[in-house]
Amino acid sequence: MADVHYQPQSLEAAIQKIWHEQNTFVTKEDDSKEKFYCLSMFPYPSGKLHMGHVRNYTIGDVISRFQRMQGKNVLQPMGWDAFGLPAENAAMQNHAAPAEWTYSNIDYMRTQLKSLGLGFDWSREIATCHPDYYRWEQWLFTKLMEKGLVYRKMSQVNWDPVDQCVLANEQVIDGKGWRSGAPVERKDIVQWFVKITDYAEELLQDLDQLDGWPEQVKTMQRNWIGKSSGLEISFPIEGREGQFIKVYTTRPDTLMGVSYLAVATDHPVSHKASIRNPALAEFIEACSHVSTAEADIETMEKQGMDTGVRVLHPLTGEVIPVWSANFVLMSYGTGAVMSVPAHDQRDYEFAQKYALPIKPVILPEGADTVDVSSAAFTEKGRLFNSGPFDGLRFEQALEAMAAALSAKDLGEKQTNYRLRDWGVSRQRYWGCPIPAIYCPACGVMPVPEDQLPVLLPEDLVPDGAGSPLAKLEEFKNCDCPQCGGRAKRETDTFDTFFESSWYYARYASRDCNTAMLDARADHWLPVDQYIGGIEHAILHLLYARFFHKLMRDQGLVRSDEPFKKLLTQGMVLASSWFSVDATGKQTWYSPLDVEPVLDEKGTILHGLLKSDGRQVQYGGVIKMSKSKNNGIDPQTLIEQYGADTLRLYIMFAAPPEQTLEWSDKGVEGCYRFVNRVWRLVHSHCESGVVAAYQGKEPLSKEAQALRLKVHETLQKVGDDMGRRQTFNTAIAACMELLNELTKFSAQNAIERALLQESLEILVLMLSPMTPHLSQVLWQTLGQSGLVVDVAWPKVDENALVKSQLALMVQVNGKLRGKIEVAADADKTSILSAAKHDEAIMKFIDGKVMLKEIYVPGRLVNLVVQD
RNA sequence: GCCCAGGUGGCGAAAUAGGUAGACGCAGGGGACUUAAAAUCCCCCGGUAGAAAUACCGUGCCGGUUCGACUCCGGCCCUGGGCACCA
């Protein structure tokens, strides 16, 4: 035959050209077909595609193509989460405007996505930094202002005293600013908040209708929302008539065991007390040098100091000290907690450290003493040491305490949420301007609709010392829309989660310039399949759910939830290598430049640099990142093996939810497979294509077995790709089938027709993963048209009928043999066959049979007395 | 610290509803083809004992439920993700 070699580079470019010319993936609303909206999380345009993107978008593309072959009208859009911090950092480095950097990154990454053969509808492309996009979130925000769903309040940020700017949590390293190295300070500034807590209950309840979401993600969101019920209790401040410290507790049953109150270091009580207490002032100052990140606060050493303030127990009048403590957060609840060391472990440790009293008031069920000599007793039980409440259990105690407190007007039952309102202000330049105006005469007001959008000037270059917007007079100064006097514009920009909270809806109405969304949004929404990293399980997905409800209540969409089904993909990892120089500085090397050295068991000892043979240390298999220099560039692989091989490997190496460890050798294995498919199709077609076997003519035993395998595989692959979404096992099944097909040699015209049928099915099954290869081979097999428009092949039930079954036979649960039985054999004859099998008789001879178990189609277990 | 996952051969993994542990692939070993190499094709490949048949052990650790546990239950260890200004 003419030697036709597999040349992915030219082949893939040619197929991509056809898709482009025929507008293959441009999607229109079409009521004659079931719609399927398949969405992958849009990328931040960081410069170039990384493997995590490749994985995300390949999964989405495979699902999209599979669903299209099921006859659905598939929408798969793509866009750019284009505002954000990295653009400002790059701008500072290159002394260029973030806009320029962002747009050129977008252009490059778009060509990369196209070279992967992803079937996106590019006519719907969105970049969130474009005014046509962000004007609508400004508009929605002004509507929320009118509805009272946003407000301003003081809130803490990480402040770099040298660079005079607000730092993101990730810019605080060991309590110091990443650029200046100065210890961070906490600073209170006025910021905008959106009342997500007004929707807390609905966000919680509606999780129950998200059947297509992983349980794990729903659990995380439930815990994040953190609904609890308890009491809010007021402790009167001694000597200050009419003043109280309010606390919220979920354990009111322990109220009689309170030994102190703990308030945040930035609680008004702390501040007031510190005025005449230099030691306390110093303590509070010291505590202010910790980042605002909860993980930092929760893991630091618990410290506190007596404020000297005293409160009265609301029921007994007992005098209770008030401590200022670094682990109490002002932004949580009331910024104060009641401490019961006997029944809370953190309070216990704190009390031990500062020699505060530990008063047990709860007994374990059925016991008459409680041991708190080494740890708190944190379970619920029966009250004692609690005066009139002795003997009560939790529920009764809650009611009784609530009644007693409410009689004195010092407490009431309350439902609380851990969820806090969404702080959306950022003191940054490269973001969407918050559309608000401050007039000295008229106050704070939204920018009127006819003045939207508030345009972000795109030519500014940040210098690291605060937001350039705040320094730009022509941006800042404006006229008051009410009185016409001089006014100031808000110079903060939105949290970038704002943009990513509604982009999924805008794709449907992306060219609408009269409204945020139009009727097409309800045609496509909700998203049928959403795919993205597990790291977005809480924040992004919760904010997007919230935004959807805000848009619904604004009359923009009808559905309650944006994402019907969610697939959370795992990260892409690679091995890492480093060396340490005399000063302790680590240098990281690309895994491509290192030859691992193994011991005889295969454990990695160290590596040798391919360049000069220097020894380097193994840093384990970790997330691909720039800082660890262990990223693998997808572009190189596309050039070397083609997009199909890369796509196939990334889908084969692990199930989508799991982390994926990169292996160059694994890619080669997939390349071999692709080549084998190529060669088998060509060697079959060498002697001409034939019509596929239809299941009519009788087949030889071998041919029948092969056809069974083909249709079993088809059944499995359809199930794996559709219901199970385990693409790795689908590909493994295709590999098994290829192995069988390679061994089979067609002896006559009927068997050649069978091979034709088998190859057509194989090519179609693989097409979601290897769309270019399949397209070309489809034509080689004598077919015309686009594979993506071919209907998914149907399983021939007749091909699945088996006459014989292989059953495992166990004795006392241990595998001892196998038997072949007729497919329609009954239980009695199967058990008898098992008992008369030579291998089995050895194990049951002369023993008392206790039980005979037959699991239909699977196994026999004979239980005998030992 | 808190919340959520995961842990199976030398490696990535499979076992879908409690029923053959290790499919498929990688690496490795042996062979065929070749002047040779590459490519390709075939065979072997969890551990221990054994020439083999086979037996025993084996799914992070300890214990439990069951005729039968990678799978269910209780406790522990380790690794990863998130923790509200990275996206």
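Every chain is numbered from 1 and lettered A, B, ... according to where its sequence line falls, protein lines coming before strand lines.
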Any residue meeting ring-ring contact (aromatic ring centres under 6.0 Å, His included) with A:Tyr44, in chain and number order, not counting sequence neighbours: none

ring-ring contact (aromatic ring centres under 6.0 Å, His included) against A:Phe42, all qualifying residues, sequence neighbours excluded: A:Tyr503

Protein proximity profile, nucleotides 63-81 of chain B - base contact B, sugar-phosphate-only contact S, no contact -, cut-off 4.0 Å on heavy atoms: ----B------------SB

Kindly write out the residues that satisfy side-chain contact (heavy atoms from CB on, under 4.5 Å) with [X], not counting sequence neighbours, or none if the list is empty.
{"X": "A:Ser663", "answer": "A:Tyr649, A:Lys665"}
{"X": "A:Gln640", "answer": "none"}
{"X": "A:Thr713", "answer": "A:Lys709, A:Val717, A:Ala733, A:Leu737, A:Met765"}
{"X": "A:Ala91", "answer": "A:Pro98, A:Pro462"}

Please set out all donor-acceptor pairs under 3.5 angstrom arising from side-chain atoms of residues 190-197 of chain A, sequence neighbours excluded.
unit_1	atom_1	unit_2	atom_2	d
A:Gln191	OE1	A:Gln427	NE2	3.1
A:Gln191	NE2	A:Ser155	OG	3.1
A:Trp192	NE1	A:Tyr438	OH	3.4
A:Trp192	NE1	A:Glu490	OE1	2.7
A:Lys195	NZ	A:Gly148	O	3.1
A:Thr197	OG1	A:Asp421	OD1	2.7
A:Thr197	OG1	A:Asp421	OD2	3.4

Pairs under 3.5 angstrom, nitrogen or oxygen only, protein versus nucleotides 41-50 of chain B, please.
unit_1	atom_1	unit_2	atom_2	d
B:rC41	OP1	A:Arg676	NE	3.2

Distance-only check: which donor-acceptor pairs under 3.5 Å involve side-chain atoms of residues 806-817 of chain A, not counting sequence neighbours?
unit_1	atom_1	unit_2	atom_2	d
A:Asn812	OD1	A:Val864	N	2.8
A:Asn812	ND2	A:Val864	O	3.3

Nucleotide pairing, RNA chain B (Watson-Crick or G-U, distances under 3.5 Å), in dot-bracket with [ ] and |: (((((((..(((......[....))).(((((.......))))).((((....))))..(((((..]....))))))))))))....

Would you tabulate the side-chain donor-acceptor contacts of residues 848-856 of chain A under 3.5 Å, counting partners in other chains and residues two or more places apart, or write 'none'?
unit_1	atom_1	unit_2	atom_2	d
A:Glu852	OE1	A:Lys835	NZ	3.2
A:Glu852	OE2	A:Lys835	NZ	2.9
A:Tyr854	OH	A:Gly857	N	3.4

